[in-house]
Amino acid sequence: MQQKILYGGDYYPEQWLKYPDILAQDVEYMKEAGINTVTLGVFAWSMLEPEEGRYEFGWLRGIMDRLYESGISVILATPSGARPKWLSDRYPEVLRVREDGRRNLFGGRHNHCYTSPVYREKVRAIDMALAREFGSHPAVILWHISNELGGECHCPLCQQAFRDWLKKQYRDIEELNDCWCTTFWSHRYQSFEQIEAPSSLGEKAVHGLNLDWKRFVTAQTADFASEEIRAVREGGGSQPATMNLMYDYSGLDYDELAKQMDTVSWDSYPLWHKQEDIRTAMDNGMQHDFMRSLKKKPFLLMESCPSATNWQGVSKLKKPGMLAAASLQALAHGSDSVLYFQIRQSRGSSEKLHGAVIDHYGGRDTRVFQEVKSLGGSLKKLGEIAGSRTKAEAAVIYDVQNRWALEDSQGPRNKGMHLHEAAMKSYQALKKLGMNVDVISQSQPLEGYRFVAAPILYLFRDGMEEKIRRFVEAGGCFVLTYWSGISDRWDRCFLGGTPYGLTDVFGIRRTETDALYDQEENRMVSDGQLLPKGEYVCRNLCDLLELKGAEPILRYGDDFYAGSPAATVHAFGAGKAVYVGADGEQRLYDELYARLAAEAGVETLTAGAVPEGIEVCSRCSEKAEYVFVQNYRNEPADIRSLDLKGEILYGGSQNELGPYETLIVRRQKSTR
């Protein structure tokens, strides 16, 4: 089959069954716009099973047949993201219970208990029925499991499931008491049956409990999703399965969900034009790379908005060219699709004003439709890129379990640990050098990278200290920042020197950490050895360091610890261990990483420096490398410094890019 980039988005024909002329017109519009794929069935349960056990699939088959005849493929969703009213009325146990013990009323999305045997039974029944009916339909290319999974339930069923899960994690209750440090405040448990989920009405200060509850919620969600996939398979649906993930979502550990699916997908809704667009592009790019890194293979952009959303604080229109730029950014970072929410704008309810390919006006002469059509024509010519992979020699560790612990740790700053911002500083510094970057968790291996940065890695798990030791010893460059290696997987503070297990690797010991008020700042001063002579502003947190073999590269400029080391470098084995002891400004990371990455031999994608406002990415097939250069400035950009050579696949010039313009160059694949 010829490779293609999936192009289209969520389509809700069930909202338009009374308007057959609109349904027929929609298909013609899709064909004109170059749309080749739509997602059907999301939230359609009440139309697919209007009464318990009575399925009405005829309308869906009619739509699917028409789409297939028009050359449009289908991603078929399981409808479990929102249940019909009859289900909640007949089986109230399926509704979620809040942490205060009150059961929710019918309504909303994901207002259901993942543990409930009844809910699992009813979901299994509809999933199997859909798979039997459509598993062999030639239009179906992918199964979309539920929608944006998230949330938790505190019902008695979930409480017992949590206890059962804990019994599998610990040898006995004494081991749990030890790991959770329950002797503090006299909160020891005598049996697993005494344990309740964290609640603002009860226990919230046992950090091991809080962490394990979040792990349980992830495990229960992943198990629910895996049961859906199993039902689809048993019903005859053999196509790959995906789940659409969300931006910077901390409610679940996506590493665990990714294990259940064949292909990762996610929903991207950046706040374009709220700040400098290159900053938004970097933030969105980091999320693309996080999703790609979950399985180290192409992902799918499952949702994006062709116009303005309706749920953000301010729903800003995309300036001309931004729709194409944002869509092509997904391809640049490893997506094999550009899919929108939504194809046709709904008439009522909460997303009636959310942007769509076809708006309430219903014509094809709108600016948005014409931009969608133009991009569709371009994507047809870029099909060879689908399936190509991203090769990265640099990585940033951004770990959700570390985030859970960090934000719950009660000190040294209870407001503003700024993990996301810290990760962005490292990510941006590497991207400004013109590199591909993986964004990984502690669960993933470090082998294969030359440079790894770990901002605020407060919690060590999965033998992280040994991974770092082996990585540096083997010749890698590892950058660890302030407030790292403090606690173990249960958020118990390590005894002995920190960063735990690595004081010899980094050649330092953290002795104290000063938390700065929001209005405070300090300075990190360079003597010109590794960094240019000068100083950098730092805020929020400052580690005080005792040298144990490391060389200082920065010293503090102010306060009682002025003159003491603020950042260090230490040779260990064949590699280099760098510790940045304070939350420095972006310029520090830009200049430090430029030096360190070059010394580590990280390959850049361009011959020259990357101009301000430009992002560079690449993907590789067996035969070629595809280099993407994107201008996120609302003015032309000179890109001659990149010295790009190769065949232009998209865009017009290797010398200059217009506002929000993209250049894609195909060149010979690197042999390294």
Side-chain angles (χ1 to χ4, degrees), residues 3-13 26-27 29-44 63-64 67-68 70-78 81 139-148 239-247 261-270 272 284 287-288 291-292 297-309 318 322-346 351 354-358 368-369 371-380 382-383 385-387:
Q3 286 183 312
K4 67 177 181 181
I5 295 163
L6 305 185
Y7 189 54
D10 283 18
Y11 185 46
Y12 299 92
D26 285 350
V27 175
Y29 280 5
M30 289 183 214
K31 289 161 61 178
E32 181 179 338
I35 287 173
N36 60 39
T37 306
V38 298
T39 301
L40 298 177
V42 181
F43 308 130
I63 295 293
M64 204 176 291
L67 290 167
Y68 181 69
S70 300
I72 300 172
S73 300
V74 169
I75 298 172
L76 186 56
T78 63
V140 179
I141 60 171
L142 187 74
W143 287 90
H144 181 308
I145 304 302
S146 196
N147 184 76
E148 293 184 343
Q239 299 87 346
T242 189
M243 303 172 223
N244 55 333
L245 309 180
M246 294 177 282
Y247 166 85
M261 59 183 103
D262 300 299
T263 300
V264 169
S265 64
W266 83 288
D267 301 343
S268 173
Y269 295 99
W272 296 114
N284 198 51
Q287 293 298 313
H288 281 316
M291 300 298 172
R292 174 182 52 74
K297 66 179 187 178
F299 63 95
L300 297 176
L301 176 62
M302 186 59 72
E303 290 183 23
S304 58
C305 187
S307 180
T309 67
K318 289 181 169 67
M322 181 49 78
L323 181 146
S327 300
L328 291 170
Q329 186 193 32
L331 262 64
H333 285 263
S335 175
D336 277 353
S337 73
V338 174
L339 301 171
Y340 302 118
F341 177 84
Q342 50 194 326
I343 299 295
R344 176 176 278 277
Q345 204 168 27
S346 62
E351 290 175 316
H354 194 287
V357 175
I358 305 166
V368 171
F369 185 88
E371 288 197 20
V372 169
K373 176 181 174 181
S374 175
L375 180 59
S378 298
L379 292 178
K380 285 182 181 178
L382 299 175
I385 296 175

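Position 1 is the first residue of the sequence; numbering continues from there.
Counting heavy atoms from C-beta on, the side chains of T39 and M302 come closer than 4.5 Å. With contacts defined as side-chain heavy-atom distances shorter than 4.5 Å, the pair T242/I145 does not qualify. By the 4.5 Å heavy-atom criterion applied to side chains, M64 and L76 are counted as neighbours. Under the 4.5 Å side-chain criterion, counting only non-hydrogen atoms from C-beta, Q345 is not in contact with H354. Here the side chains of Q239 and L142 are not in contact, with every heavy-atom distance at 4.5 Å or above. Here the side chains of V357 and R344 are not in contact, with every heavy-atom distance at 4.5 Å or above. Between L323 and L375 the shortest side-chain heavy-atom distance falls below 4.5 Å. By the 4.5 Å heavy-atom criterion applied to side chains, L245 and S265 are not counted as neighbours.
If you take CE on M30 and CG on N36, they are separated by 11.5 Å, rounding to the nearest 0.5 Å. Taking OG of S70 as the start and CG of L67 as the end, the distance is 6.5 Å to the nearest 0.5 Å. Here the OG atom belonging to S327 is positioned 10.5 Å from the CE atom belonging to M322, to the nearest 0.5 angstrom. Taking CE of M243 as the reference point, atom CE of M261 lies at 4.5 Å (rounded to 0.5 Å). Taking CG of D267 as the reference point, atom CE of M291 lies at 8.5 Å (rounded to 0.5 Å). In this structure, CD on Q342 lies 11.0 Å from OG on S307, to the nearest 0.5 angstrom.
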Original post:
Given the rule in the side chain to side chain contact (heavy atoms under 4.5 Å, CB included) test, do L331 and L379 qualify, once you have shown the distances and angles that lead to the verdict?
Top reply: CA-CA 10 Å; L331 262 64; L379 292 178; 3.9 Å; yes
**OP:** Under the side chain to side chain contact (heavy atoms under 4.5 Å, CB included) rule, what do V38 and D10 come out as? Steps first, then yes or no, please.
**Re:** CA-CA 6 Å; V38 298; D10 283 18; over 6 Å; no
Original post:
Could you go step by step and tell me if V264 and L300 meet the side chain to side chain contact (heavy atoms under 4.5 Å, CB included) rule?
Top reply: CA-CA 6 Å; V264 169; L300 297 176; over 6 Å; no
Subject >> Working for side chain to side chain contact (heavy atoms under 4.5 Å, CB included), residues Y12 and V42 >> reply: CA-CA 8 Å; Y12 299 92; V42 181; 4.1 Å; yes
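Counting only distance, with no hydrogens or angles, the side chain of S335 and the backbone of S337 share a donor-acceptor pair below 3.5 Å. In this structure, the side chain of R292 does not engage the main chain of K297 through any donor-acceptor pair within 3.5 Å.
Closest non-hydrogen pair, S146 versus N244, comes out as O-OD1, 4.2 Å. Looking at every heavy atom in both residues, P240 comes nearest to I141 through CD-O, 3.6 Å. Nearest heavy atoms, G376 versus Y7: CA-CE2, 3.3 Å. Counting all heavy atoms, side chain and backbone alike, D336 lies closest to P298 at OD2-CB, 3.4 Å. Across every non-hydrogen atom of G8 and I343, the tightest pair is C-CD1, 3.8 Å. Taking both residues in full, the closest heavy atoms of A386 and Q3 are given as O-NE2, 2.7 Å, listed atom of the first, atom of the second, then distance.
Take E32 and apply the salt bridge (charged side-chain N to carboxylate O under 4.0 Å, His left out) test, not counting sequence neighbours, and it matches R364, K373.
Donor-acceptor pairing under 3.5 Å is recorded for the side chains of S268 and N284. Counted by atom type alone, D26 and Y11 present one or more donor-acceptor pairs between their side chains at under 3.5 Å. Side-chain contact of T37 with S73: a donor-acceptor pair under 3.5 Å is absent, judged by distance alone.
Checked against E303 for a side-chain hydrogen bond (donor to acceptor under 3.5 Å, both in side chains), the options Y340, W266, Y269 give a single hit: Y269.
In this structure, H288 has its ring center closer than 6.0 angstrom to the ring center of F299.
Other residues, nucleotides and ligands place no more than 12 heavy atoms under 6.0 Å from the OH atom of Y68.
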